[in-house]
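Everything numeric in this text was worked out from a predicted model, so none of it was measured. Quick note on labels: first sequence line is chain A, next is B, and so on, each numbered from 1.
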Amino acid sequence: MSSHFEAFKTRAEAVSAEVHRFVGKEEALAFVLAFLKEAGVSDAPQCGAVWSAGSFLDWAGTDKLRAEVPGLSFEVSREGSAAARVGLSQMDWAIAGTGTLVQDATAVETRLVSTLPPIHVAIIGGDRILEDMGSVLERLRPDQLNYISFISGPSRTADIERVLTIGVHGPGRLVIVVIDGFEQVAS
Amino acid sequence: MHAENEVSFRDAAAEALLDPQLRANFRRAMDGLMSKRRAQFPDPGDLQELRDLSTAIRTRSLLALPDLLEQFEAKATRNGIQVHWAETCEQANELILGILRSKGARTLVKGKSMVSEEMHLNDFLERHGIEALESDLGEYIIQLDGETPSHIIMPAIHKNKGQIARQFSQKIKDAKYTEDVDELTAMARKVLRQKFLEADAGLSGVNFAVAETGTLCLVENEGNGRMSTHVPPLHIAVMGLEKVVATLEDVAPLYAILTRSATGQAVSTYFNLITAPRGAEEKDGPREVHLVILDNGRSRIYADPGLRATLRCIRCGACMNHCPVYTRVGGHAYEAVYPGPIGKILTPQMEGVGVRHDLLHGSSLCGACAEVCPVEIPIPEILVRLRREATHDDVGSNVAGRGTGHTAIEDWTWRLWAMVLKHPALYRIATWFATRFGNLLPARAPLLRNWTRSRTKPVPARRSLQERLRAEGGPHV
Ligand code: SF4
């Protein structure tokens with residue numbers, strides 16, 4: 001199914017997202033840690049990062065990560081997310097045709113980390129990329145989920161003279177980490 | 001009857017045409033929107049297929065509307081959304097005020113909602129001591145100046161960045177003057193972010209409501225719609241009663257054609273499916289989700305099979321972008337919540353053809369709107385139908401104010417016309433005079449002037465047909 005990757009990457013980049021692909025969780029984790037460092041995440045005020053629950057995080061181990069990245073928190077709150085520099089979350093599906101990420105966002109934490117910090121890092125298994133919206137809706141049914149988010153690129157507006165501006169209310173950067181061989185379990 | 005009609009599209013349009021800045025702002029924006037939309041539909045066959053499907057979905061949904069609304073209400077209620085019905089805008093406003101007061105809410109932050117514009121909700125809440133702040137960038141810009149949206153998708157498109165820069169530097173505390181669009185956006189973000197975190201309640205519109213699951217669908221790019229639905233502890237959504245579709249499968253094509261037609265995007269940045277408030281164990285997110293469903297004349301429109309297509313509208317704004325009238329005069333000239341072609345047929349139906357029949361004539365019937373409309377609403381046909389409604393009260397419809405949009409001069413003209421046609425002798429005299437002296441009438445003569453303002457004066461033949469037949473030996477007349 002990762003045959004959809006190239007199409008996904010092209011479409012996601014067309015809506016200003018950044019797409020990275022890794023083989024195996026170790027490689028991906030190394031990238032994420034380096035990224036957080038580079039983004040200046042620390043325990044200083046307004047420099048934290050918030051990471052909402054998911055199977056990738058379970059695998060990586062919160063204790064280990066907390067020790068490695070000062071300022072990284074797994075207790076996601078409204079205020080904490082608003083003060084953070086980076087928000088991380090795991091996505092459930094992706095859509096190749098439009099470069100879209102899809103998430104069961106029943107847990108409000110997932111919405112907060114993907115909306116309030118200026119950078120959002122989204123983690124997704126390579127085999128979770130489907131062809132179109134219809135295929136996703138066959139698998140994620142809103143009658144069972146309180147909130148489903150479809151995210152395509154960073155927040156944008158064209159309200160002033162139709163000039164495209166990124167990062168108006170939501171994040172100004174969306175960094176997508178695609179992991180082959182992740183074998184992501186459904187949420 | 002004309003006297004009570006205080007607003008006049010003709011006068012407002014004439015004034016707008018004299019403003020070169022305004023015209024330039026619209027021209028540039030509409031050209032951009034048209035070419036972006038075109039780029040999304042490279043294949044006319046594919047476009048038509050998607051339009052056919054979307055039209056069928058909206059038509060089918062409307063056909064079953066009463067049942068779908070009931071089914072939706074039952075589902076949504078079971079999911080924990082509190083559903084309220086309002087027949088009029090006043091009722092809807094009162095309902096929202098009641099909900100806010102019951103929670104002790106004093107500030108409301110709003111995502112984009114045209115229905116709330118229809119209700120003039122902001123003014124109403126301000127009068128009752130509740131601060132209502134628009135958070136969509138375009139809506140925020142016009143709210144700062146106390147203006148109304150000039151476009152349903154791009155509310156501040158009538159302003160250029162210089163005008164916005166001046167406005168921000170005067171109205172936002174500590175703001176410096178800059179025409180850099182990124183910096184202007186960042187200023188608004190800063191103000192609004194704070195307001196989001198402090199607000200007691202959030203309000204959003206609804207693009208589609210799904211009956212089968214009781215889900216509210218929200219399409220947006222900025223993230224403010226999303227934030228309005230989960231940053232404050234209370235979420236209130238408002239929608240017109242025509243928004244319901246039967247199933248989730250219906251949503252995908254409508255969504256695909258909406259974003260492409262509206263802004264020329266294959267997909268919006270955010271698409272949110274909201275089905276329930278926060279769960280019992282959650283710390284954040286709205287404790288309560290309320291939905292106010294507004295009628296405001298829609299069920300009257302619904303009852304008339306010839307007008308019902310008006311309710312298919314998915315508010316994409318494409319008809320505006322392509323309208324030769326709208327692109328020249330802009331949205332404010334319509335002095336209505338919904339401008340442009342859709343506004344021309346919707347406003348007179350909501351407010352009555354008696355008060356707003358001026359809008360019905362602001363069209364050359366070129367048909368561009370119907371050609372681009374993703375759900376194929378026959379706007380020109382409905383316009384013509386409403387023009388008749390405006391002057392006839394015997395057409396057996398329930399359009400409000402029908403038959404009141406005529407003037408004494410019009411009445412007398414038609415009466416005279418009928419008399420002349422009924423009496424051959426009078427007809428002969430009238431045509432004799434018209435052929436001999438019609439040309440002497442100057443183009444600027446009163447009444448004739450209205451016609452000749454944009455057309456050449458008609459030149460009567462030198463002899464009437466009857467006279468010629470008699471002289472040239474045609475069949476007996
Ligand atoms: S009438 Fe058609 S083109 Fe105009 S806003 Fe509605 S759906 Fe769009």
So which part of [X] gets closer than 4.5 Å to some heavy atom of chain A, the side chain, the backbone, both or neither?
| X | answer |
| --- | --- |
| B:L192 | side chain |
| B:P253 | neither |
| B:T263 | neither |
| B:R189 | both |
| B:I141 | side chain |

Q: Output yes when B:K75 and A:D143 qualify as a salt bridge under the 4.0 Å nitrogen-oxygen rule, no when they do not.
A: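 A salt bridge is absent here (no side-chain N lies under 4.0 Å from a carboxylate O).
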Q.
Can you tell whether the side chains of B:K112 and B:E220 come within less than 4.0 Å, N to carboxylate O?
A. no
Q) Side chains of A:S135 and A:D132: donor-acceptor distance under 3.5 Å anywhere? A)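 A pair is found: one side chain offers a donor N or O, the other an acceptor, under 3.5 Å apart.
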Q: Verify the distance criterion only: is there a donor paired with an acceptor across the side chains of B:D136 and A:H169 at less than 3.5 Å?
A: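 Checked: B:D136/A:H169 side chains show no N/O donor-acceptor pair below 3.5 Å.
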When [options] are compared by non-hydrogen pairs under 4.5 Å with chain A, the top option:
| options | result |
| --- | --- |
| B:G80, B:A266, B:S135 | B:S135 |
| B:V251, B:L218, B:T213 | B:T213 |
| B:N25, B:V289, B:L33 | B:L33 |
| B:N79, B:L248, B:D182, B:T215 | B:L248 |
| B:E249, B:R78, B:E222, B:M227 | B:E222 |
| B:E212, B:M154, B:K161 | B:K161 |

Could you tell me whether a side-chain N or O of [X] sits under 3.5 Å from a main-chain N or O of [Y], the two making a donor and an acceptor?
| X | Y | value |
| --- | --- | --- |
| B:T259 | B:Q265 | yes |
| A:D104 | A:T106 | yes |
| B:S261 | B:L258 | no |
| A:R78 | B:V231 | yes |
| A:D127 | A:Q184 | no |

Q | Shortest non-hydrogen separation from B:L254 to B:D250 and the atoms involved | A | CG-O, 3.5 Å
Which one wins on heavy-atom pair count under 4.5 Å against chain B: [options]?
| options | value |
| --- | --- |
| A:E138, A:E79, A:E109, A:R141 | A:R141 |
| A:R111, A:Q144, A:R11 | A:R111 |
| A:L101, A:T100, A:I151 | A:I151 |
| A:V163, A:L145, A:L116, A:I95 | A:L116 |
| A:L137, A:V102, A:V15 | A:L137 |

Q: With a 4.5 angstrom heavy-atom cut-off, could you sort out which part of A:S77 is near chain B: side chain, backbone, both or neither?
A: both
Q: Against chain B, label A:A105 side chain, backbone, both or neither, depending on which of its atoms sit under 4.5 Å from a heavy atom there.
A: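 For A:A105, no heavy atom lies under 4.5 Å from chain B.
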Q: May I ask you to decide if the ring planes of A:Y147 and B:H230 are parallel, tilted or perpendicular, using 30° and 60° as cut-offs?
A: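 Ring orientation, 0 to 90° scale: perpendicular.
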